[in-house]
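One structure below.
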Amino acid sequence: MPASAKRANAPSAELLEKLFRTAYKIRVFETEGIKLYRQGLIRGYFHPYLGQEGIATGVCAALSEGDIIASTHRGHGHCIAWGADVKKMVAELLQKESGYCRGYGGSMHIADISKGNLGANGIVGAGTPLGVGAALANQIKGNDAVTVTFSSDGGSNNGTFLESLNLAAIWNLSYVLVIENNHYAVSTRIEDSTREPDLYKRGLAIGVESHQVDGNDPLAVYHLMRDAVQKCREGKGPILIEAKTFRHMGHHVNDPGKYMPEKELAHYKERDPVDRARNALTEMTGIDKSQIDAIEEAIRKEFDDAVEFSKASREITLAEFQQFIDSY
Amino acid sequence: MPASAKRANAPSAELLEKLFRTAYKIRVFETEGIKLYRQGLIRGYFHPYLGQEGIATGVCAALSEGDIIASTHRGHGHCIAWGADVKKMVAELLQKESGYCRGYGGSMHIADISKGNLGANGIVGAGTPLGVGAALANQIKGNDAVTVTFSSDGGSNNGTFLESLNLAAIWNLSYVLVIENNHYAVSTRIEDSTREPDLYKRGLAIGVESHQVDGNDPLAVYHLMRDAVQKCREGKGPILIEAKTFRHMGHHVNDPGKYMPEKELAHYKERDPVDRARNALTEMTGIDKSQIDAIEEAIRKEFDDAVEFSKASREITLAEFQQFIDSY
Amino acid sequence: MTREIMYRDALREAIDEEMAANPLVFIIGEGIAERGGSYKVTEGLLGKYGPKRVRDTPIAEAGMIGVGVGAAIAGARPIVEILYVDFAMLGMDMLVNQAAKFRLMTGGNGRVPFIMRTQGGTGGGVAAQHSQSLEAMFYHVPGLKVVIPSQPADAKGLLKYALRQQDPVIFLEHKHLYMTKGPVPEGELVIEFGKADIKRPGKDVTIIAWSNMVPRALEAAAKLAEEGIEAEVLDPRTLVPLDKEAILASVAKTNRVVIVQEAVRRGGVASDICSIIQEEAFYSLDAPVEIVAGLNIPVPFNLELEKASVPQVPDIIAAARRTLHLQPRALAAQ
Amino acid sequence: MTREIMYRDALREAIDEEMAANPLVFIIGEGIAERGGSYKVTEGLLGKYGPKRVRDTPIAEAGMIGVGVGAAIAGARPIVEILYVDFAMLGMDMLVNQAAKFRLMTGGNGRVPFIMRTQGGTGGGVAAQHSQSLEAMFYHVPGLKVVIPSQPADAKGLLKYALRQQDPVIFLEHKHLYMTKGPVPEGELVIEFGKADIKRPGKDVTIIAWSNMVPRALEAAAKLAEEGIEAEVLDPRTLVPLDKEAILASVAKTNRVVIVQEAVRRGGVASDICSIIQEEAFYSLDAPVEIVAGLNIPVPFNLELEKASVPQVPDIIAAARRTLHLQPRALAAQ
Ligand SMILES: Cc1ncc(C[n+]2csc(CCOP(=O)(O)OP(=O)(O)O)c2C)c(N)n1
Ligand SMILES: Cc1ncc(C[n+]2csc(CCOP(=O)(O)OP(=O)(O)O)c2C)c(N)n1
Ligand SMILES: [Mg+2]
Ligand SMILES: [Mg+2]
C-alpha cells in the first residue's frame, strides 16, 4: 500500500516547519562544512549528505525521545535530524575537546549515546547489526522504543545485513532499517552491484515488511516512517524502508564525481529535497517569504556560531590522552 | 515451472541404475560408518547423510567430468555421489596415511581437488563463497564447467550466502547452489531461524533463478539439476535449488535427535530416497530382485574391502609431520 | 563453605546469579536455550529466565556478535555464546572495529559491556577448524579484555566480574576443562581482572600458563618436585589486563621462566609476555625465557599428530630443566 | 637500468607483467576497474586486460575474500584488493579457517595461491577504523605468508614472487608509501620470500623495521650517525617466512636491538621477533631488546594524538641510545 493511501490527516504547520528547518540545517552544515574542509580546517574523511536530506529529515521527524538511531559514514544529516548540537558537531570535525567525541572520533564516528545516537560508522553496513542490537536491548528492557538504522545501498551487500535483519525478524524487534539507495557506492553503480536494484525485496525474502519510497520527498518519507514506527510500537516490527535518492556531488569532498551522469544528476536536483520541504511549507501553510528567510538566517547563524565556538575550543592534551590510554 | 514439466524424455535404465547405486552406496557407507564410530575406530565429528541421499545422488548424476563440487560438514554423501574411492574415504575417517587427506583432515575435511571435489567444510556456509570462487576460476579459464555448492538451511544464514551468491549473479557464473533444507540446524528448527522457511526466495531477491524440489526424490532432483546445468553451460547461471529433506537421525552420531517429532520423521522415512531410487529402478526398468541384490551385495563388499584396506594402512609418522610443518 | 563443582557448572552459576540480580543480562547463542548448550553451560536457564533472556539463534556468528555489541552499547548486558572460538573469526569486524574501538571513538562517552563466551583448544580429533587457541588475536586489539580461566572458581568469579564491568570481554573457555572439577566457595565470588593467581608456589623456576595448560603445568611441577625442582606455576587468568607485577615478582624470585601456551608459537601471547620480561627483568634472568607452545601448523585430525602439535607435560618439564641448565637446549618448537 | 618510480607504480608493474604472462591472474576489488583503485595501483589494467580479469565488486569483503580463496583452490590466481586492512576483519573466517588451513586439511594435496592486497597504517586523520596495522593477526595464523614491503623495488619483486608461489599471501601495503619513490631495475625483478634486506649497514645497533617504519628507521639511523652511532637497519620484508638467520647474524654483530612497529605494542610481531632473539641469542645481547611500537589504544582522529600514538623518529633514536646505555630507560610505550 503506498504511503499516501495511509495519510490519516494533513500535515500540521508545525511538522512542515520542522521538516524544512531540519533539511535546511543539514544543507547549510554540509555546504559550509565543505568550505571549512577546503580551508584545511577539517582533516580525514568528509562524506556530504547533500541531496539526501529528505531521508534523515522525514525519518527522524517520526521518532520520539527515547528512540535510537545508528548511522553510516555519511552521517552528518542523521545526526542533525536527530537534534544534535551543531556546535559539538563542528567542534568534533575540528578535532576539538568540545566535540561530541572530544576529537577522538571525527566525521565518521560522531555519536551521542546519551541521546540515543549510536553514531556514524566507518565500516559500511555495520550500523545494521548494531541497530538491531539496540532494538534487542529495548526489548529486553521492555520499553516501546524504536531503533532505526540508516544504511546504504552498499551496506545492503554486507552479509550482516542478512544475518542481523533476520535476527530482528525472528525476534519481532521494534526496528526500522532505512536503506538510502543513492545508486552509487563511490563510483560503482547499484546496477553493477546487483541484478535486483530494488533492495527492499531483500527484506521480503526473509519475511520482513518492506517498502520503497521517494527519498527526496521528506513528507512521503515521514508518512511512511510514521506508520512503520507505529507498527513497531505495536510489536509488528521490524520494517525495512528503501528510500531512493541521489548525491548532489561526489562520494567525499575530494571526489569530483565525474562518473555521475549529468542528466540523472539534473533530474534529482530538480527534485531537491530541501526545495521540496520549503515548498511544502510555503504551499501548505501560506507562510511568507520573510518568515522563511528568518528561519534560514537563524540556521546559518547557528552554524557560524558553532564555527566560532569550535575555533575557540582547545584540543585534548597528551596528558589527557595518556590518562585515557591507562584506563583503556 | 515444476521440474516434471521439463522432462524431455523418460529416464534411461542406465541413469536409474546409477541413481540407485549411488543412493545405496551412501546408505551403506553411513550405516556401516556409524558402526565403526561406535567401535571407537573413528574419532571427532561424524555427521551422517542418512535420509538426504536423494540430493547428492540426483545432483551429481547431472554433472560431468571437469565440473566441481564443494560440500558441507555433512559431506560423505556428496563425496560418494561425486564418485569418490570409498577406500580412501574410510581410510581418512580412520586417520590413515592412505586416506584422501592422509589423516590430516577427517570426516569434516575430505576433499579430492584432483577430481574437482573441493571438500567438506567445518564452517557452516563456507562452501558457498568457495564454490562461487571455483566457478569464477572456470570463467577466467574460459571453460564451460559447472560448479555446485551443497549447502544447508543453516548455511543460508551465514552472511556470505548473500555476499557470494550476489557476486555469482552479477558475474553470471556457471554455478548452482543447492540448499539441503533438512529443517534443522542441530536442534533448532528452520521455523525458529527464519520467518520465511522457503529459502529459495532469498535467491529470487537478488535476481537469481531459484527453484524448490523434493529432495527425497532423486529423479526429480536429477531433472531439475540437469536443466540447471544446461542453463549454466549456456551462460544463464547462477541457479539456486532448495531441496527439502529430513535427517533420519540426530545431528551427529552422538545426538539422539529426540527433538525431531516422530510423526514428521515417519513421514519422511516413508519417502526414503534410497527406497525411491530402488523402486524407480525396478518399476521403470523391470530389473529383477536378484539383480538388485547383486548390486547391493557388491556395494556392501566394496565397503567391507575399504575397511580392511584402511585397517591395514599405516598412519603418518611424526617425521613426515615435521617435514610438512617445515614446508608450511 | 566450598564445594567441588565442575567448570561448566561454575560458569552456569555465574550466569544464573547475575541474571537473577540484573534483568539486563541476557544470553544468545546456537542451541543454548532448548538444548542447554553444547557443553551444558546454559542448561536450565531457559526454564528459569524465559525465552526473552535466553535465546537460540540461527547460524550467524557475525550477526550475533554484532547484535550483541549493539545491545551492549544501548545499555543491556549481552552474553553471546560462540560454539567454537574458530567461528569467532566470522565476527571479527564487530569485535575489532566496533566493540574494541567504540569507547575511544566516542571520546569515552560510549561503553560496551559485551561478553563473548566461547571455547578453544584441541580435543579428540575435531581437526583444524575446531581446535584453535586464538587468544592472541584478541590480545592484540586494544579495548578488548581477554579472560581465560583454568579452574572452576576462576571461571565463576571472573565471569561475574565481567558481567559487572563496562568493557567488551572475550571470555575463553576450553573444551577439555568443562568437566574438570575444583573447589568453588559458596555464595558471592567475584574476581577482579588483572590479578594473576599462583597455582603452586615455588622458587626455582616460574612456569606461566593459562587455560588447559595450567593442569599440565601443575602436573609438570609435581614431577619436577620429585627431582627437587620447585616450580612456581603462575596463571595470569586474564591476559588483558595482564598482571605484570605478579609476573615480574615471580621472575625476580626464580630468575627463570617457562611460558606455556597451547596456541601456535608464532605470534602468540607467550612471545609478548616474554618480551615484557626481557624488557623489564633482563638483568635478573639466568637463562633465556623458554616458550613451550603449539607447533606452527593447523591442528591435524590424526590423534597422534594432534597430540604432537600442542604442549604435553614432558615438554614443560624439559623446558624447565633447560632453564636450570640441567638439560641442553634442543631446537624449540617453532 | 634502474629508474626511480613510485611504490604504487611498482605494484602496478608487477601485476601488469604477471597478468601479461599468466592468463590465470586476475584482480577483484572495490573501485579497482573503472576508477583504477583508491591508490591508483590498478589504473589502466581494465583497459589492457578487460572486465573479465579486472573486476569491480560490491562492498562485500567476506564474499570477495571467500570467492578469491575458492578461485585459488580451483587453480586460478586471484588478487583480491581490500581497501583498508581494517576491512579484512570482515573476511577473517575465509583467511584463517579456509585459506590458511586448506593445505593441511587436504594432507598437502590442495594449494591456495591466493593474494589479498591491502594497506594499513595511520595517515591524516582517517581515525580508528581506517588506521590499523594488523600484520600480527595474520602472522599468528600458520599457512598465511605475510609480505610487507617498504620500498618500490621490494613491492614489485615480492608481488611478482607472490604471484608465482602456491600459498595464500597477505600483501600489506602502507597508505603513506604509495607515492614514495625508489630505484627499481628495469626488466624482470622477482624477490623470494624470507630474505631480509639490510637497508643500511652498521655495527653498533640493529634496528629492525618494516613498512612505513623503514623510512623512519633510516632517518633515525642518519641522525644517530651524526653522533657516531652506526645503526644497521634491517627490513625483513616478509614476516612469514621470517629471515631469522639474517636477524641473528646482525644481532651477533651489534649485540643490541631495537624493533620498530607501527602496530600496537601488545601482542605485535615485534614481541615475537624479540622472543626469538632472546631465545636464540640470549647470551650475545648487551642490553634488553627495545621495542618501539604503537600505543595500546585505537588510533584517535585528532592529528596530534594520531601522531603520538605511533612511533616517530625521536622515539627510535632514544631507544637506540638506550641499548647503548647512553640514555636511561624510560617507561616504554605500552
Ligand atoms: C566494509 C567497508 N568496505 C569499504 C569501505 C570503503 N568505503 C567507504 S564509503 C564506500 C562506498 C559506500 O557506498 P554506500 O554504502 O552505497 O554508501 P554511500 O556512500 O552511497 O552513502 C566505500 C566502498 C568501508 N568504509 N567499509
Ligand atoms: C560457522 C559455524 N557455526 C556453527 C557451527 C557448529 N555447527 C556444526 S553443524 C551445525 C548445524 C548445521 O545445520 P545446517 O547448516 O542446517 O546443516 P545440517 O547439519 O542440517 O546438515 C552447527 C551449528 C559450525 N560448524 N560453523
Ligand atoms: Mg550508495
Ligand atoms: Mg539443516
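Chain letters run A, B, ... following the sequence lines, proteins first and then strands; every chain starts at 1. For the numbers below, each heavy atom of this structure counts, side chains included, while hydrogens, waters and symmetry mates do not.
Both the backbone and the side chain of D:Ala60 have a heavy atom closer than 4.5 Å to some heavy atom of chain A. Only the backbone of A:Thr317 comes within contact range of chain D, judged by heavy atoms closer than 4.5 Å. There is no contact between A:Asp153 and chain D, counting heavy-atom distances below 4.5 Å. Using a 4.5 Å cut-off between heavy atoms, D:Leu90 touches chain A through its side chain atoms alone.
Minimum heavy-atom separation, D:Gln129 to A:Gly122: OE1-N, 2.7 Å. Closest of all the heavy-atom pairs between A:Ser193 and D:Pro58 is O-CG, 3.6 Å. Taking every heavy atom of both residues into account, D:Ile59 and A:Ala185 meet most closely at CD1-CB, 3.8 Å.
Taking the side chain as every heavy atom from C-beta outward, A:Met108 and D:His130 approach each other to under 4.5 Å. Annotation: side chain of A:Phe321 is not in contact with side chain of D:Asn302 (no heavy-atom distance under 4.5 Å). A heavy-atom distance below 4.5 Å is not found between the side chains of D:Glu34 and A:Asp192.
Of the residues considered (A:Gly105, A:Ser156, A:Gly159, A:Gly99), A:Gly105 shows the highest number of contacts with chain D, using heavy-atom pairs under 4.5 Å. By number of non-hydrogen pairs under 4.5 angstrom with chain D, the leading residue of A:Ile190, A:Thr188, A:Val186, A:Thr160 is A:Val186.
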Set out, in order, the CA-CA distance, both residues' side-chain angles and the distance that settles side-chain contact (heavy atoms from CB on, under 4.5 Å) for A:Tyr328 and D:Asn296, then state yes or no.
CA-CA 8 Å; A:Tyr328 212 78; D:Asn296 289 328; over 6 Å; no
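The salt bridge (Lys or Arg N to Asp or Glu O under 4.0 Å) pairs that include a residue from residues 37-49 of chain D are D:Asp16-D:Lys48, D:Lys40-D:Glu43, where partners are two or more places apart or lie in different chains.
Taking OG1 of D:Thr57 as the start and CG of A:Asn157 as the end, the distance is 9.0 Å to the nearest 0.5 Å. Once rounded to the nearest 0.5 Å, the distance linking CD1 of D:Ile297 with CD1 of A:Ile325 reads 5.0 Å. One distance of note links OG of A:Ser187 with CG of D:Asp56; it measures 6.5 Å at 0.5 Å rounding. A distance of 13.5 Å separates CD in D:Glu306 from OH in A:Tyr104, rounded to the nearest 0.5 Å. For the atom pair CD1 of A:Ile110 and CZ of D:Phe301, the computed distance is 8.5 Å after rounding to the nearest 0.5 Å. For the atom pair A:Arg102 CZ and D:Leu305 CG, the distance stands at 10.5 Å (nearest 0.5 Å).
Within 6.0 Å of atom NZ in D:Lys52, more than 12 heavy atoms from other residues, nucleotides or ligands are found, so the atom counts as buried in its surroundings. Other residues, nucleotides and ligands place no more than 12 heavy atoms under 6.0 Å from the CZ atom of A:Arg43. Summarising the local packing, CD of A:Glu308 is surrounded by 12 or fewer heavy atoms from other residues, nucleotides or ligands at distances under 6.0 Å. At most 12 non-hydrogen atoms from other residues, nucleotides or ligands lie less than 6.0 angstrom from CD of A:Glu262.
For the 3.5 Å distance criterion, the side chains of D:Glu61 and A:Asn158 fail to qualify, holding no donor opposite an acceptor.
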